[in-house]
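Here's the structure, in structure tokens; my notes come after.
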Amino acid sequence: MEQVRVRFAPSPTGYLHIGGARTALYNWLFVRQNNGRLVLRIEDTDSERLKEDSVEQILGSLKWLGIDWDEGPTFQSQRQDLYAAAAETLIQSGKAYYCFCTEEELEMEREKQRQEGITVGYSGKCRNLPADEVRKRLQQGLKPVMRLMLPDSGQIIVKDIIRGTVSFKFDQFDDLIIMKSNGLPAYNFACVVDDHAMQISHVIRAEEHLSNTPKQQFIYEALGYEVPKFAHLSMILAPDRSKLSKRHGATSISEFQDLGCLPEAIINYLTLLGWSPPEEQSEIMSPEQTICSFSLEKVSKTAAVYDIQKLIWLNGQYITKYDLEKLTSCAIPFLIREGIISSLEAEQNHYYILPVINLVRERVRTLQELGEACRYFFRDITDYEEKGKEKYFRQKDAETLLSKGKECLAKVENFSVENTELAYRDLMEELKIKGGLIIHPTRLALTGRTSSPGLFDVMALLGKEKCLERLEKAIKFIKAEQDML
RNA sequence: GGCCCCAUGGUCAAGAGGCCUAAGACGCCGCCCUCUCACGGCGGAAACAGGGGUCCGAAUCCCCUUGGGGCUACCA
């Protein structure tokens with residue numbers, strides 16, 4: 001069996017967005033499953049649309065996602081000879097010709113056609129220029145484009161792994177530009193020449209290229225190349241079912257990274273956007289599991305609207321189950337960014353950070369949330385949650401309760417989860433009160449918040465000194481508030 | 001406009017003519033667990049775009065309409 005070779009071919013016009021990432025991912029899943037090779041190709045033949053840093057951004061996002069490639073990146077801008085040579089053979093064999101029409105002329109032609117209400121397209125007027133006329137104009141220094149002559153009638157059949165057989169009629173196609181007047185290849189041509197040169201066996205790409213495929217297939221045939229297999233993936237749409245763009249919020253991989261998503265969660269989410277695992281298999285899958293069960297044939301034909309809620313949910317699942325050391329190193333940049341710890345503290349307090357993260361991980365869904373959830377473990381409390389103050393600090397016994405709590409904790413020797421809880425339970429019994437009555441104000445005193453991990457877990461991790469200190473602070477705070485009345 | 005693709009709950013989707021009074025997941029609602037918040041468990045609301053065929057039988061096949069998307073560039 002011939003080797004499976006696929007490619008991901010982004011054009012460097014911006015960040016890697018969610019659609020491109022999914023295309024890359026499906027190529028990757030397919031190729032890893034088939035022990036093939038993935039090649040990366042940068043389609044940069046339109047210098048006007050290039051964006052600085054774009055290649056670095058795209059490659060960076062792919063790497064971060066864990067999508068690795070075997071060859072490249074190769075740049076189309078550096079392979080001009082290849083395209084020129086291929087185009088030359090088509091000119092020689094009479095399958096392609098020079099066209100001297102300027103863009104202005106063509107635009108006028110189209111405008112006229114529109115006014116007359118007839119089908120807009122290239123007339124083909126340079127098709128039969130006499131050889132010496134062509135030579136003459138070339139010598140004058142005119143810069144023509146090269147066009148491929150397409151049949152005026154008949155049809156062409158494209159076979160697609162996902163969509164089945166699709167047929168197109170030739171009468172709807174203009175003679176296709178294969179080389180632009182600046183000497184660079186046009187997309188459809190460069191794409192074919194490269195896919196052949198790179199021995200691509202399966203072209204897996206976005207649906208927007210389906211309509212280009214008949215033209216490309218004709219180029220393959222004109223050049224005498226073997227046609228690869230095609231699989232066109234449906235598009236990913238914004239929540240309003242329109243094409244994805246910047247105005248739709250987070251759409252680039254780097255934005256999800258900034259939000260605090262884990263790469264595996266994004267991979268998992270993207271996998272599910274257009275494909276679903278066999279029944280009985282969980283939707284939460286490691287990349288390895290996905291590689292095993294993935295199949296191109298089962299990829300959905302329907303355009304998908306991405307739903308950030310599910311991504312965030314999945315991310316929460318991953319945060320809960322991730323290897324703790326790994327999660328911690330992912331989280332630390334967020335803690336630093338949010339000003340919760342300094343990089344120095346991050347190094348020095350490693351063995352404090354670990355259990356803190358372990359404690360809060362189950363109740364957060366992004367690394368950003370995780371940072372926020374940790375704050376009081378590293379920084380003193382500057383304020384109490386308003387609704388907590390109202391509910392717990394302004395009740396009649398609050399101050400007494402906290403004092404009692406403080407006294408009782410002061411006596412605890414080994415400040416463990418069990419011992420602190422035992423001490424508090426004894427206190428509750430002694431005061432004949434229900435747990436919540438003292439637990440809630442204590443939580444507010446210790447964390448500044450009305451919600452947190454289990455109170456005694458928090459106590460044990462915070463340590464005796466901090467607990468007593470914060471209780472004292474809360475007591476003072478309550479007194480101060482009362483004095484103001 | 002022409003050509004092409006697509007159409008199952010709010011979202012992702014299972015479904016390959018009878019197993020469908022249509023699975024699962026996210027989200028939403030309720031209950032349980034519980035020191036709060038999460039997690040978890042249980043339950044609920046919620047869909048085959050519309051119309052014609054074909055067939056004993058259609059979410060599934062065909063046609064039309066409608067809707068969405070793509071291509072129609074010297075963009076990729």
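Chain letters run A, B, ... following the sequence lines, proteins first, then strands; residues in each count from 1.
Spacing of C1' atoms, B:rG1 relative to B:rG9, comes out at 36 Å, to the nearest Å. B:rC19 and B:rU11: their C1' atoms are spaced 28 Å apart (whole Å). Between B:rG70 and B:rG10, the two C1' atoms lie 25 Å apart (nearest whole Å). When the P atom is used for both B:rG24 and B:rG41, the distance is 14 Å, rounded to whole Å. To the nearest whole angstrom, the two P atoms, one in B:rA46 and one in B:rU34, are 32 Å apart.
When each of A:L90, A:L148, A:L176 is paired with A:F189, the side chain to side chain contact (heavy atoms under 4.5 Å, CB included) condition holds for A:L90 and for no other.
At the heavy-atom level, A:E103 lies under 4.0 Å from base atoms of the strands shown. In this structure, A:L455 reaches the bases: a heavy-atom distance under 4.0 Å links it to at least one base atom across the strands shown. Within 4.0 Å (heavy atoms only), A:D46 reaches sugar-phosphate atoms of the nucleic acid but no base atom. Here A:S234 lies out of heavy-atom contact (under 4.0 Å) with every strand. When heavy atoms are screened at a 4.0 angstrom cut-off, A:H232 is found touching no nucleic acid atom at all. Within 4.0 Å (heavy atoms only), A:S282 reaches no atom of the nucleic acid at all.
Contact annotation: side chain of A:R363 to base of B:rC37, donor-acceptor pair present below 3.5 Å. With hydrogens and angles ignored, a donor-acceptor pair closer than 3.5 Å exists between the side chain of A:R443 and the base of B:rC35. Within 3.5 Å, a donor on the side chain of A:S181 pairs with an acceptor on the base of B:rC74, or the reverse.
Across all strands shown, B:rG67 forms a Watson-Crick or G-U wobble pair with B:rC6, both key distances being under 3.5 Å. Using Watson-Crick or G-U wobble geometry with both donor-acceptor distances under 3.5 Å, B:rC35 finds no partner in any strand shown. Pairing partner, B:rC42: B:rG30, with both Watson-Crick or wobble hydrogen-bond distances short of 3.5 Å. With both pairing distances under 3.5 Å, B:rA13 is matched to nothing as a Watson-Crick or G-U wobble pair.
For A:F168, whose side chain is taken as the heavy atoms from C-beta onward, the closest listed nucleotide among B:rC12, B:rG70, B:rC3 is B:rC3.
Using cut-offs of 30° and 60° for the angle between ring planes, the A:H209 and A:Y187 rings count as tilted. Taking the six-membered ring where tryptophan is involved, the planes of A:Y306 and A:F256 are perpendicular, since the angle between them exceeds 60° and thus also 30°.
Screening residues 98-117 of chain A for ring pair (Phe, Tyr, Trp, His ring centres under 6.0 Å) gives no qualifying pairs among residues at least two apart or on separate chains.
Ion pairing of A:R394 with A:E386 is present here, as a side-chain N (NZ or NE/NH1/NH2) and a carboxylate O approach within less than 4.0 Å.
Taking the centre of each ring, A:F170 and A:F218 come in below the 6.0 Å mark.
Checking side-chain atoms of A:N315 against main-chain N and O of A:I266 turns up no donor-acceptor pair under 3.5 Å.
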Base-contact (B) and sugar-phosphate-only (S) positions in nucleotides 22-30 of chain B, heavy-atom cut-off under 4.0 Å, - elsewhere: -BBBBS---
